[in-house]
Number of protein chains: 2
Amino acid sequence: MSKSKRLLELMMTVNRKRKFTVKELAREFGVSSRTILRDLQELGEIGVPLYSEVGPHGGYQVLNERVLPPIAFTEEEAVALFFASHALRHYADLPFETESSAALSKFYHYMPGDVRDRIDRMKNRVDFIAPTRLQKSPHLSVLLDGAVRQRVVRIAYESGGSTSDRLIQPVGIFANSGLWYCPAYCFLRSGYRLFRCDRIHAAEFDPSAVPLNLGDVDLGNWEDHRDEPLKYVYLRAELTREGVQRCEAELWHSPKAHVREDGSGWLAGHVPERDIGFFAKLFVGWGLDVTVHEPPAVVERMKRQLDEIKARYPDT
Amino acid sequence: MSKSKRLLELMMTVNRKRKFTVKELAREFGVSSRTILRDLQELGEIGVPLYSEVGPHGGYQVLNERVLPPIAFTEEEAVALFFASHALRHYADLPFETESSAALSKFYHYMPGDVRDRIDRMKNRVDFIAPTRLQKSPHLSVLLDGAVRQRVVRIAYESGGSTSDRLIQPVGIFANSGLWYCPAYCFLRSGYRLFRCDRIHAAEFDPSAVPLNLGDVDLGNWEDHRDEPLKYVYLRAELTREGVQRCEAELWHSPKAHVREDGSGWLAGHVPERDIGFFAKLFVGWGLDVTVHEPPAVVERMKRQLDEIKARYPDT
DNA sequence: TATAATAGTGACAAAGCTTGTCATAATCGC
DNA sequence: GCGATTATGACAAGCTTTGTCACTATTATA
């Protein structure tokens with residue numbers, strides 16, 4: 001094997017193993033230790049952040065700042081990737097320690113000139129917008145870390161005007177229209193709850209608490225684990241075309257809209273009784289784009305709410 | 001310079017120039033043409049898609065499927081980039097021809113084992129959600145291309161139930177909560193308008209139309225170019241804490257909310273008179289989280305709308 | 001049609017680089 | 001102290017790389 005190729009493979013190998021000894025690599029590549037030593041020095045000169053320690057249990061390490069091997073991207077892929085990470089700049093907080101802008105500028109900088117030109121021309125013409133929020137969510141990394149390592153986190157959570165201490169075991173975190181949410185098992189309520197991260201004012205691991213075994217609960221299925229002995233009511237509503245689209249945008253789970261040929265549609269399905277307040281408020285906002293048929297409780301609430309709003313604006 | 005380093009630099013150089021001759025590179029690197037030929041052959045074996053043509057004006061080319069040079073990403077950066085492109089999967093349509101999943105799997109595949117493990121563990125625990133829409137927006141590439149190259153596009157646009165033919169010159173495209181929008185100069189209305197891409201049922205370049213010179217209008221500033229001789233009215237409203245947050249999410253431009261210490265706030269600013277319908281509908285949806293003081297026209301509309309909704313649900 | 005520009009191949013020797021071996025040092029944990 | 005480990009230097013054998021030259025082939029263009 002030529003030296004050039006050996007260096008490339010060496011690069012990948014040291015990135016794969018994080019820790020290794022010279023002898024080990026020498027055996028693996030079928031060359032002498034001296035050669036590997038020389039190669040490693042060269043890799044270091046090229047930019048791979050190697051670190052070594054002598055003595056037993058010593059050896060080489062690749063530092064946290066690691067170099068990924070050359071990845072072949074087509075131009076299209078590179079552009080797509082660029083704009084994907086470009087979209088991240090709308091987020092005030094991210095669960096990653098790094099600033100994504102670093103990766104972005106690297107990506108941009110190393111691209112051949114004409115791809116860069118293409119990106120420049122597109123930069124102000126494509127965007128993925130997320131509402132920029134003022135709310136800060138500074139505890140994302142703790143929550144994510146807690147979810148990944150299944151730890152119990154003690155949070156100070158603000159709800160209904162007051163702040164309470166809770167122990168939670170996070171399932172994960174997700175961003176939706178600019179806000180971060182954290183579904184978690186709440187030890188206070190003995191059940192899964194959805195927390196808004198901007199209302200979490202403190203978060204830290206609680207080393208004394210014993211985590212539950214919830215390894216297979218994740219963002220994709222946590223809602224199935226809400227073991228709620230809930231009462232459900234049947235919801236039925238007629239939707240205009242606009243109404244159908246609002247369904248898609250604003251109702252993430254719960255009943256999906258049925259669509260007719262002409263774009264209009266209807267909602268039908270069971271919803272938790274405790275959510276009727278939510279639905280009433282929501283449907284009032286949709287105005288004439290929805291007509292609620294069932295349940296009467298939602299209709300009642302809507303009427304009451306309409307009256308309350310009307311009371312705000314007395315006739316002159 | 002050692003051969004290994006020369007090969008690396010050669011890789012970057014041929015990616016930068018798209019077209020080049022052997023002689024050219026030989027001069028640049030200070031080696032003989034024969035050496036460059038040998039090097040290029042080796043690059044080809046490694047995987048760089050080179051293509052050559054003999055004769056005058058011939059030379060080497062790197063094919064469209066291009067290999068980007070080795071980029072040094074830190075682990076954190078790689079992870080952030082992964083999740084950024086992971087988020088793209090929520091979009092039914094993208095303006096790029098490529099499937100972003102290709103780039104994603106490459107990225108994933110080439111990462112060292114432990115980073116891959118880390119990603120695996122995080123995969124179901126972090127997400128950037130955008131509402132998945134049923135609406136298809138199949139003409140994104142044409143619109144984007146039209147924006148980049150400043151061409152006039154003929155579209156069939158559906159609005160208010162009917163479909164009309166229009167000539168537009170796109171400014172760009174952007175995605176917001178799952179829907180694609182296209183601000184453009186509309187030749188029919190002689191002014192800038194915002195189009196929803198899922199309502200554009202056909203789009204193609206109009207070669208006969210003469211584009212305007214709008215090169216410096218882009219997504220960042222097109223709203224300033226709406227040269228509307230509009231009447232403005234003064235809007236003033238009180239917001240609860242919830243109301244402030246809805247402002248941030250739903251009012252992208254127009255007056256920004258002012259926030260008090262306790263989280264509540266108020267809206268104050270001039271808004272186009274023709275938007276009072278929009279605001280009335282919006283504020284009705286916000287219910288008790290907003291109290292509109294001015295203008296009377298908005299309040300009037302809200303009242304009327306409340307009555308209309310109430311009429312839907314007659315007292316039994 | 002001739003010419004110049006271009007890629008591509010083979011051969012060869014000189015120069016240069018790479019490699020293994022050996023010797024030696026230094027550090028560290030046990 | 002011993003063994004494992006990195007680290008460095010020297011050196012010669014062997015291998016690789018490089019430049020040169022000679023040649024072929026293709027193609028646009030003058």
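Since we're looking at a predicted model, the values are computed, not measured. Quick note: numbers below take in every heavy atom, side chains included, and nothing from hydrogens, waters or symmetry partners. Below, chain A is the first sequence line, B the second, and so on; all start at residue 1.
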- Item | Inter-axis angle, terminal five-pair segments of the helix from C:dT1-D:dA30 to C:dC30-D:dG1 [nearest 10°] |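 What I find for the helix from C:dT1-D:dA30 to C:dC30-D:dG1 is an axis angle of 40°.
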Without decimals, in angstroms, what is the distance between [X] [atom1] and [N] [atom2]?
X: A:K5; N: C:dT19; atom1: NZ; atom2: P; value: 14 Å
X: B:K3; N: C:dT18; atom1: NZ; atom2: P; value: 10 Å
X: A:H57; N: D:dA4; atom1: NE2; atom2: P; value: 11 Å
X: B:E53; N: D:dT26; atom1: CD; atom2: P; value: 14 Å
X: A:Q61; N: D:dT5; atom1: CD; atom2: P; value: 14 Å

- Message: Classify the ring geometry of A:F195 against A:Y157: parallel below 30°, tilted from 30° to 60°, perpendicular beyond 60°.
- Response: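 Perpendicular, since the angle between the ring planes exceeds 60°.
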- When the ring planes of B:Y181 and B:F174 are compared, do they come out parallel, tilted or perpendicular, using 30° and 60° as the limits?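 Ring orientation of B:Y181 relative to B:F174: parallel.
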- Item | Closest-nucleotide ordering on DNA chain D, the 5'-leading residue of A:V22 and A:P56 |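 Of the two residues, A:P56 wins.
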- Those residues of residues 23-40 of chain B lying under 4.0 Å from DNA chain C by at least one heavy atom: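 Heavy-atom cutoff 4.0 Å gives B:R34, B:L37.
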- Item | A:R151 to A:F205 six-membered ring, cation-pi geometry met (6.0 Å, 45°) |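 Here A:R151 passes the 6.0 Å and 45° test against A:F205.
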- Any A:Y60 side-chain N or O less than 4.0 Å from OP1/OP2 of D:dA7: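 Yes, within the criterion.
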- Task: List for me each residue that meets side chain to side chain contact (heavy atoms under 4.5 Å, CB included) alongside A:P138, sequence neighbours excluded, and say none if there are none.
- Result: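 Once residues adjacent in sequence are excluded, the partners of A:P138 under the side chain to side chain contact (heavy atoms under 4.5 Å, CB included) criterion are A:K136.
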